[in-house]
Number of protein chains: 2
Amino acid sequence: MEWTAVDNDACAVTLTSDVLGDRWSVLVLREIFNGVRRFDDIQGHIGVSRSVLAQRLRRLMDHGILHKREYQAPGDRPRYEYRLTEMGRSLQPVMQAMMEFGDRWLTSHDDPTVIVRHKECGARVKVTSVCAEGHVIDEPRDLYAVLGGAPLKSAS
Amino acid sequence: MEWTAVDNDACAVTLTSDVLGDRWSVLVLREIFNGVRRFDDIQGHIGVSRSVLAQRLRRLMDHGILHKREYQAPGDRPRYEYRLTEMGRSLQPVMQAMMEFGDRWLTSHDDPTVIVRHKECGARVKVTSVCAEGHVIDEPRDLYAVLGGAPLKSAS
DNA sequence: CAGTATCCCAAGCGATACTG
DNA sequence: CAGTATCGCTTGGGATACTG
């Protein structure tokens, strides 16, 4: 099929890429998906400067991916933690697809760093392409993309 | 569970994030997944400067995601096109997960920009989390992550 | 068509120090 | 603990012009 230019401002991939942000944001998200939720802990783990971390957290909050919660351990001073919103949680397939790609192609070791499991049965979870007819598609070549109904790029 | 710091240099998400690169690289990949393969076409579609596009293409080739092919339409002068390697094609789930996230949360219109279909049956394809027991998991909260066997961060 | 070379500017970064 | 403020410095970017 022939492709007219997709409107960048309306393209889902573009927009998601903007929300994900840069490398630092992705690392922040990894930490939070892993349950690391406090400023200094995140900073220690990923080794980013404080100002950049603050900016990334704010950015992720602005996009509705994270929200900040204050909590108080009894007799302790208040703490803050960053948690995923529902929108943030729905980035899980993106993160996991990245994980699986990295484990397949990029890591030197055989074992994955992180394994995702199903709470209900404990079995390992993978991201899978499935069509509406129920076929599982392992080979990307068995897919094709067509334009949907969204507006195209206006200009020439 | 308690999390020890994952070694950033061994983390699959980190490494994939590096390969994906920045916004421009992702847009380049979108174009190439959409079958737009020539330098000037890509440049026209995504509106990046020539030097940056050249650098991103080189980078994606260095990472083994793309390769460059010369071809010759009969009686025409040689042309070049960028194609996905097998490694590049296996980024498809990542791209599609991004697309689905964007379509759900970020686009203003109801219709998706791009629809992915199964060649064999034409049915629409979605990325799905499936566990080894065959359960389909729609809700990210029904998942949990544990450390795999990969090495942890060495320092402090 | 498919790039490379140059230039100049702006944004981004880490380091450091400071605040509630 | 959880940030903000300030500061140089480097990197990266678009624009433009040039080459095979």
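Keep in mind that what you see is a predicted model, and the values were worked out from it rather than measured. Just so it is clear: chains get the letters A, B, ... in the order the sequence lines come, proteins before strands, and each one is counted from 1.
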- Task: Please check if any side-chain donor atom of A:R59 sits under 3.5 Å from a side-chain acceptor atom of A:S25, or the reverse.
- Result: no
- Cut-off 3.5 Å, side chains only: do A:R79 and A:Q72 have a donor facing an acceptor? no
- Item | A:L27 vs A:V48, side chain to side chain contact (heavy atoms under 4.5 Å, CB included): CA-CA, chis, key distance, verdict | CA-CA 10 Å; A:L27 291 190; A:V48 68; over 6 Å; no
Distance check needed: [N] [atom2] versus [X] [atom1], whole Å only.
X: B:F39; N: C:dG3; atom1: CZ; atom2: C1'; answer: 5 Å
X: B:R58; N: C:dA2; atom1: CZ; atom2: C1'; answer: 12 Å
X: A:Q72; N: D:dC1; atom1: CD; atom2: P; answer: 15 Å
X: B:L57; N: C:dA2; atom1: CG; atom2: C1'; answer: 10 Å
X: A:Q43; N: D:dT4; atom1: CD; atom2: C1'; answer: 13 Å
X: A:R59; N: C:dG12; atom1: CZ; atom2: C1'; answer: 13 Å
X: B:M61; N: C:dG3; atom1: CE; atom2: C1'; answer: 11 Å
X: A:D41; N: D:dA2; atom1: CG; atom2: P; answer: 7 Å

- Kindly indicate, with the supporting measurements, whether the criterion salt bridge (Lys or Arg N to Asp or Glu O under 4.0 Å) is fulfilled by A:R50 and A:D40. CA-CA 9 Å; A:R50 306 182 69 75; A:D40 282 16; 3.3 Å; yes
Kindly give the heavy-atom pair with the smallest separation between [X] and [Y], and that separation in Å.
X: B:T113; Y: A:A10; answer: OG1-O, 3.3 Å
X: A:S90; Y: B:R104; answer: CB-NH1, 3.8 Å
X: B:V127; Y: A:P93; answer: CG1-CB, 4.5 Å

- Message: On the nucleotide C:dC1, are OP1 or OP2 found under 4.0 Å from the side-chain N or O atoms that B:Y82 carries?
- Response: no
- Below 4.0 angstrom from OP1 or OP2 of D:dG3, is there any side-chain N or O of A:K68? yes
- Assess A:K68 against A:Y80: is NZ or CZ under 6.0 Å from the centre of the six-membered ring, and within 45 degrees of the ring's axis? yes
Would you tabulate the pairs of protein nitrogen or oxygen atoms and nucleotide nitrogen or oxygen atoms of nucleotides 13-20 of chain C closer than 3.5 angstrom?
residue, atom, partner, partner atom, Å
C:dC13, OP1, A:R56, NH2, 2.9
C:dC13, OP2, A:R56, NH2, 3.1
C:dG14, OP2, A:S49, OG, 2.9

- Query: Where the side chain of A:R79 is concerned, which of D:dT4, C:dA2, D:dC1 is the nearest nucleotide?
  - Reply: D:dC1
- Message: My understanding is that only one of B:R37, B:H67, B:R69 makes a side-chain hydrogen bond (donor to acceptor under 3.5 Å, both in side chains) with B:E81; could you say which?
- Response: B:R69
- Taking Watson-Crick and G-U wobble contacts under 3.5 angstrom, with | marking pairs to another strand and [ ] crossing pairs, the secondary structure of DNA chain C is written ||||||||||||||||||||
